[in-house]
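Step one of this worksheet: look at the structure below.
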Number of protein chains: 2
Amino acid sequence: MGHAQRLRIVAELYRSAQEGNRLHVSELARRLGLSRPLLYMHLERLETAGLVEGQLELSEDGKAMKYFELKPFALKLDAEMIAETVARDAEPAPDANTKGGKG
Amino acid sequence: MGHAQRLRIVAELYRSAQEGNRLHVSELARRLGLSRPLLYMHLERLETAGLVEGQLELSEDGKAMKYFELKPFALKLDAEMIAETVARDAEPAPDANTKGGKG
DNA sequence: ATCACCTGTAAGCTGAGACTGACAGGTGGC
DNA sequence: GCCACCTGTCAGTCTCAGCTTACAGGTGAT
(Lines give C-alpha, C1' and ligand atoms only; values in the text may rest on other atoms or scores of the structure.)
Protein backbone atom coordinates (compact mmCIF):
# COMPACT_ATOMS: atom_id res chain seq x y z
CA MET A 1 0.00 0.00 0.00
CA GLY A 2 1.10 3.53 0.59
CA HIS A 3 -0.19 5.68 -2.22
CA ALA A 4 -2.24 8.81 -1.57
CA GLN A 5 -5.05 7.77 -3.90
CA ARG A 6 -5.21 4.41 -2.18
CA LEU A 7 -5.67 6.17 1.13
CA ARG A 8 -8.39 8.38 -0.29
CA ILE A 9 -10.23 5.32 -1.52
CA VAL A 10 -10.08 3.67 1.87
CA ALA A 11 -11.19 6.89 3.53
CA GLU A 12 -14.16 7.29 1.22
CA LEU A 13 -15.23 3.71 1.69
CA TYR A 14 -14.93 4.16 5.41
CA ARG A 15 -17.07 7.32 5.43
CA SER A 16 -19.75 5.72 3.31
CA ALA A 17 -19.81 2.65 5.48
CA GLN A 18 -20.32 4.91 8.49
CA GLU A 19 -23.36 6.35 6.77
CA GLY A 20 -24.62 2.90 5.95
CA ASN A 21 -24.01 3.15 2.22
CA ARG A 22 -22.15 0.87 -0.07
CA LEU A 23 -20.49 2.27 -3.16
CA HIS A 24 -20.10 0.86 -6.61
CA VAL A 25 -17.10 1.54 -8.77
CA SER A 26 -18.49 4.32 -10.96
CA GLU A 27 -19.93 6.18 -8.02
CA LEU A 28 -16.66 5.92 -6.13
CA ALA A 29 -14.78 7.14 -9.17
CA ARG A 30 -17.05 10.15 -9.40
CA ARG A 31 -16.70 11.04 -5.74
CA LEU A 32 -12.93 10.83 -5.86
CA GLY A 33 -12.51 12.38 -9.28
CA LEU A 34 -10.67 9.38 -10.65
CA SER A 35 -11.05 7.63 -13.96
CA ARG A 36 -12.61 4.21 -13.73
CA PRO A 37 -9.66 2.28 -15.11
CA LEU A 38 -7.39 3.94 -12.62
CA LEU A 39 -9.76 3.20 -9.78
CA TYR A 40 -9.93 -0.41 -10.89
CA MET A 41 -6.18 -0.66 -10.65
CA HIS A 42 -6.11 0.71 -7.14
CA LEU A 43 -9.04 -1.39 -6.01
CA GLU A 44 -7.31 -4.44 -7.38
CA ARG A 45 -4.24 -3.72 -5.29
CA LEU A 46 -6.30 -3.00 -2.22
CA GLU A 47 -8.21 -6.22 -2.72
CA THR A 48 -4.99 -8.16 -3.15
CA ALA A 49 -3.75 -6.60 0.07
CA GLY A 50 -6.96 -7.77 1.70
CA LEU A 51 -8.14 -4.29 2.66
CA VAL A 52 -11.27 -4.19 0.55
CA GLU A 53 -13.62 -6.67 -1.05
CA GLY A 54 -15.82 -6.32 -4.08
CA GLN A 55 -18.89 -8.17 -5.22
CA LEU A 56 -20.83 -7.90 -8.41
CA GLU A 57 -24.58 -7.57 -8.00
CA LEU A 58 -27.62 -6.82 -10.08
CA SER A 59 -29.60 -3.76 -9.11
CA GLU A 60 -33.42 -3.69 -9.18
CA ASP A 61 -33.46 -2.41 -12.72
CA GLY A 62 -31.20 -5.19 -13.89
CA LYS A 63 -27.96 -3.24 -14.17
CA ALA A 64 -24.71 -4.80 -13.09
CA MET A 65 -23.12 -2.99 -10.17
CA LYS A 66 -19.87 -3.84 -8.46
CA TYR A 67 -19.94 -2.86 -4.82
CA PHE A 68 -16.83 -2.49 -2.76
CA GLU A 69 -16.61 -2.70 1.00
CA LEU A 70 -13.84 -2.19 3.49
CA LYS A 71 -12.58 -5.20 5.36
CA PRO A 72 -11.70 -4.57 8.97
CA PHE A 73 -7.97 -4.39 9.48
CA ALA A 74 -5.55 -2.95 12.00
CA LEU A 75 -1.87 -3.31 12.44
CA LYS A 76 0.53 -1.81 14.86
CA LEU A 77 3.49 -0.30 13.11
CA ASP A 78 6.73 -0.07 15.02
CA ALA A 79 10.39 -0.94 14.64
CA GLU A 80 10.08 -4.36 16.24
CA MET A 81 7.23 -5.38 13.99
CA ILE A 82 9.17 -4.21 10.95
CA ALA A 83 12.25 -6.13 12.02
CA GLU A 84 10.17 -9.29 12.38
CA THR A 85 8.52 -8.80 9.03
CA VAL A 86 11.81 -8.26 7.28
CA ALA A 87 13.33 -11.32 8.98
CA ARG A 88 10.34 -13.43 8.03
CA ASP A 89 10.46 -12.13 4.49
CA ALA A 90 14.14 -12.89 4.12
CA GLU A 91 14.16 -16.51 5.23
CA PRO A 92 11.77 -18.28 2.79
CA ALA A 93 14.10 -20.77 1.07
CA PRO A 94 12.36 -24.03 1.88
CA ASP A 95 13.20 -26.22 -1.13
CA ALA A 96 15.54 -24.22 -3.33
CA ASN A 97 18.63 -26.35 -3.78
CA THR A 98 21.36 -24.13 -2.44
CA LYS A 99 21.52 -22.38 -5.75
CA GLY A 100 22.59 -18.73 -5.73
CA GLY A 101 20.17 -15.87 -5.76
CA LYS A 102 18.82 -14.01 -8.73
CA GLY A 103 22.07 -12.37 -9.83
CA MET B 1 7.41 5.33 3.96
CA GLY B 2 6.63 1.98 2.51
CA HIS B 3 9.59 0.82 0.48
CA ALA B 4 11.23 -2.54 1.05
CA GLN B 5 14.73 -1.08 1.36
CA ARG B 6 13.43 1.42 3.88
CA LEU B 7 12.07 -1.42 5.97
CA ARG B 8 15.34 -3.29 5.76
CA ILE B 9 17.18 -0.23 7.01
CA VAL B 10 14.85 0.13 9.97
CA ALA B 11 15.16 -3.58 10.70
CA GLU B 12 18.96 -3.48 10.64
CA LEU B 13 19.09 -0.42 12.85
CA TYR B 14 16.71 -2.12 15.24
CA ARG B 15 18.80 -5.29 15.39
CA SER B 16 21.98 -3.38 15.99
CA ALA B 17 20.39 -1.28 18.66
CA GLN B 18 19.28 -4.51 20.38
CA GLU B 19 22.92 -5.58 20.42
CA GLY B 20 23.97 -2.23 21.75
CA ASN B 21 25.72 -1.08 18.59
CA ARG B 22 25.30 2.06 16.61
CA LEU B 23 25.96 2.04 12.90
CA HIS B 24 27.52 4.61 10.65
CA VAL B 25 26.45 5.07 7.06
CA SER B 26 29.19 3.11 5.33
CA GLU B 27 28.86 0.17 7.67
CA LEU B 28 25.11 0.11 7.23
CA ALA B 29 25.54 0.24 3.47
CA ARG B 30 27.87 -2.74 3.61
CA ARG B 31 25.54 -4.78 5.75
CA LEU B 32 22.57 -4.14 3.52
CA GLY B 33 24.43 -4.34 0.24
CA LEU B 34 23.39 -0.86 -0.81
CA SER B 35 25.43 1.88 -2.39
CA ARG B 36 26.12 4.79 -0.08
CA PRO B 37 24.36 7.43 -2.14
CA LEU B 38 21.28 5.28 -2.25
CA LEU B 39 21.38 4.70 1.45
CA TYR B 40 21.75 8.43 1.99
CA MET B 41 18.57 9.01 0.06
CA HIS B 42 16.62 6.51 2.10
CA LEU B 43 18.05 7.74 5.38
CA GLU B 44 17.10 11.25 4.42
CA ARG B 45 13.51 10.20 3.91
CA LEU B 46 13.43 8.22 7.10
CA GLU B 47 14.88 11.16 8.97
CA THR B 48 12.31 13.50 7.45
CA ALA B 49 9.62 11.08 8.53
CA GLY B 50 11.10 11.19 12.02
CA LEU B 51 11.89 7.50 12.19
CA VAL B 52 15.63 7.79 12.45
CA GLU B 53 18.14 10.38 13.52
CA GLY B 54 21.71 10.86 12.46
CA GLN B 55 24.60 12.63 14.06
CA LEU B 56 28.04 13.30 12.77
CA GLU B 57 30.84 12.45 15.17
CA LEU B 58 34.58 12.16 15.16
CA SER B 59 35.99 8.77 15.98
CA GLU B 60 39.07 8.32 18.17
CA ASP B 61 41.35 8.37 15.17
CA GLY B 62 39.85 11.59 13.94
CA LYS B 63 37.70 10.25 11.14
CA ALA B 64 34.26 11.65 10.56
CA MET B 65 31.51 9.12 11.14
CA LYS B 66 27.82 9.65 10.78
CA TYR B 67 25.87 7.45 13.14
CA PHE B 68 22.21 6.74 12.69
CA GLU B 69 19.81 5.63 15.38
CA LEU B 70 16.20 4.58 15.39
CA LYS B 71 13.73 6.87 17.05
CA PRO B 72 10.96 5.12 18.92
CA PHE B 73 7.71 5.20 17.02
CA ALA B 74 4.47 3.30 16.88
CA LEU B 75 1.26 3.91 15.07
CA LYS B 76 -1.90 1.96 14.74
CA LEU B 77 -2.94 1.58 11.16
CA ASP B 78 -6.63 1.08 10.48
CA ALA B 79 -9.40 2.47 8.32
CA GLU B 80 -10.51 5.06 10.85
CA MET B 81 -7.01 6.43 11.25
CA ILE B 82 -6.63 6.63 7.48
CA ALA B 83 -9.94 8.42 7.10
CA GLU B 84 -8.89 10.99 9.69
CA THR B 85 -5.53 11.50 8.08
CA VAL B 86 -7.03 12.01 4.66
CA ALA B 87 -9.62 14.42 6.05
CA ARG B 88 -6.93 16.36 7.88
CA ASP B 89 -4.79 16.41 4.79
CA ALA B 90 -7.60 17.66 2.60
CA GLU B 91 -8.73 20.60 4.70
CA PRO B 92 -5.64 22.82 5.00
CA ALA B 93 -6.84 26.00 3.29
CA PRO B 94 -6.33 28.50 6.10
CA ASP B 95 -5.59 31.67 4.15
CA ALA B 96 -5.93 30.75 0.49
CA ASN B 97 -8.62 33.02 -0.93
CA THR B 98 -11.20 30.58 -2.27
CA LYS B 99 -9.16 30.18 -5.42
CA GLY B 100 -9.35 26.84 -7.22
CA GLY B 101 -6.81 24.08 -7.11
CA LYS B 102 -3.53 23.70 -8.88
CA GLY B 103 -4.70 24.05 -12.36
C1' DA C 1 52.58 10.21 -2.50
C1' DT C 2 49.67 6.62 -2.19
C1' DC C 3 46.44 3.95 0.09
C1' DA C 4 42.35 2.84 2.89
C1' DC C 5 39.03 4.53 5.34
C1' DC C 6 35.18 8.11 5.99
C1' DT C 7 31.37 12.06 4.55
C1' DG C 8 28.64 14.41 1.21
C1' DT C 9 26.33 15.75 -3.34
C1' DA C 10 25.23 16.13 -8.21
C1' DA C 11 24.21 14.22 -12.89
C1' DG C 12 22.16 10.87 -15.38
C1' DC C 13 19.79 6.33 -16.62
C1' DT C 14 15.96 3.24 -15.95
C1' DG C 15 11.98 0.86 -14.89
C1' DA C 16 7.73 0.40 -12.17
C1' DG C 17 3.66 2.24 -11.42
C1' DA C 18 0.28 5.89 -12.07
C1' DC C 19 -2.73 7.62 -15.37
C1' DT C 20 -5.56 8.34 -19.93
C1' DG C 21 -8.26 7.06 -23.91
C1' DA C 22 -10.43 3.74 -26.44
C1' DC C 23 -12.57 -0.31 -26.79
C1' DA C 24 -16.34 -4.32 -26.20
C1' DG C 25 -20.39 -5.68 -24.02
C1' DG C 26 -24.88 -5.47 -21.13
C1' DT C 27 -29.33 -3.03 -19.25
C1' DG C 28 -33.48 0.19 -19.35
C1' DG C 29 -35.99 4.30 -21.01
C1' DC C 30 -37.27 7.78 -24.52
C1' DG D 1 -32.21 3.98 -32.98
C1' DC D 2 -30.14 6.58 -29.68
C1' DC D 3 -28.97 7.90 -25.11
C1' DA D 4 -27.60 7.23 -20.29
C1' DC D 5 -26.22 4.29 -17.13
C1' DC D 6 -23.17 0.20 -15.69
C1' DT D 7 -18.82 -3.46 -15.87
C1' DG D 8 -14.38 -4.88 -17.49
C1' DT D 9 -9.72 -4.72 -19.94
C1' DC D 10 -5.85 -3.27 -22.89
C1' DA D 11 -2.46 -0.44 -25.07
C1' DG D 12 -0.39 3.07 -24.73
C1' DT D 13 2.06 7.57 -22.33
C1' DC D 14 4.57 9.89 -18.81
C1' DT D 15 6.19 11.00 -14.39
C1' DC D 16 9.24 10.20 -10.70
C1' DA D 17 11.47 7.43 -7.13
C1' DG D 18 15.07 4.41 -7.09
C1' DC D 19 19.59 3.45 -8.31
C1' DT D 20 24.52 3.95 -10.26
C1' DT D 21 28.59 6.46 -11.50
C1' DA D 22 31.39 10.01 -10.63
C1' DC D 23 33.04 13.60 -8.29
C1' DA D 24 35.19 16.71 -4.24
C1' DG D 25 36.93 16.83 0.27
C1' DG D 26 38.85 15.12 4.94
C1' DT D 27 41.67 11.82 8.16
C1' DG D 28 45.61 8.68 9.54
C1' DA D 29 48.98 5.05 8.29
C1' DT D 30 52.70 3.22 5.15
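Computation of the quantities below employed the complete heavy-atom set of this structure, encompassing side-chain atoms and omitting hydrogens, waters and symmetry-equivalent molecules. So that the names make sense, note that chain A is the first sequence line, chain B the second, and so on, each numbered from 1.
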Please report, rounded to the nearest Å, how far the [atom2] atom of [N] is from the [atom1] atom of [X].
X     : N      : atom1 : atom2 : result
B:K66 : C:dT9  : NZ    : C1'   : 12 Å
A:L58 : C:dG25 : CG    : C1'   : 15 Å
A:F68 : D:dG8  : CZ    : C1'   : 11 Å
B:L39 : D:dA17 : CG    : P     : 18 Å
B:L7  : D:dG18 : CG    : C1'   : 15 Å
A:Y67 : D:dG8  : OH    : P     : 13 Å
B:E44 : D:dG18 : CD    : P     : 11 Å

Considering heavy-atom distances to DNA chain C, does A:G62 or B:R36 have its closest nucleotide positioned more toward the 5' end?
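The 5'-side residue here is B:R36.
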Please tell me which of A:D61 and A:P37 maps to the more 5' nucleotide of DNA chain C, matching each residue to the nucleotide holding its nearest heavy atom.
A:P37
Pair A:E57 + A:R22, salt bridge at N-O below 4.0 Å:
yes
Among [options], find the nucleotide with the atom closest to the side chain of [X].
X     : options               : value
A:L38 : D:dT21, C:dA18, D:dT7 : C:dA18
B:Y40 : D:dG8, C:dG8, C:dG21  : C:dG8
B:R45 : D:dG8, D:dA17, C:dT7  : D:dA17
B:S35 : D:dT20, C:dG8, C:dT20 : D:dT20
B:Q5  : D:dC19, C:dT7, C:dC19 : D:dC19
B:R30 : C:dC5, C:dA10, D:dG18 : C:dC5
B:H3  : D:dG18, D:dT9, C:dG8  : D:dG18

What does A:L56 touch in the nucleic acid at a heavy-atom separation under 4.0 angstrom: a base, only the sugar-phosphate, or nothing?
sugar-phosphate
What's B:K63 touching, base or sugar-phosphate or nothing? Going by heavy atoms closer than 4.0 Å.
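Base, at least one base atom sits under 4.0 Å.
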Any chance the side chains of A:Q5 and A:R8 put a donor and an acceptor closer than 3.5 Å?
yes
What one should report as the nearest heavy-atom pair of A:R36 and A:S26 is CD-OG, 3.3 Å
How close do A:L56 and A:A64 get, heavy atom to heavy atom, and via which atoms?
CD1-CB, 4.2 Å
Does [N] have OP1 or OP2 under 4.0 Å away from a side-chain N or O of [X]?
X     : N      : value
A:S59 : D:dC6  : no
A:R6  : C:dA18 : yes
B:H42 : D:dA17 : no

Quick check against the 3.5 Å criterion: does A:E53 have a side-chain atom that pairs as donor or acceptor with the backbone of A:E47?
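Between the backbone of A:E47 and the side chain of A:E53 there is no qualifying donor-acceptor contact (under 3.5 Å).
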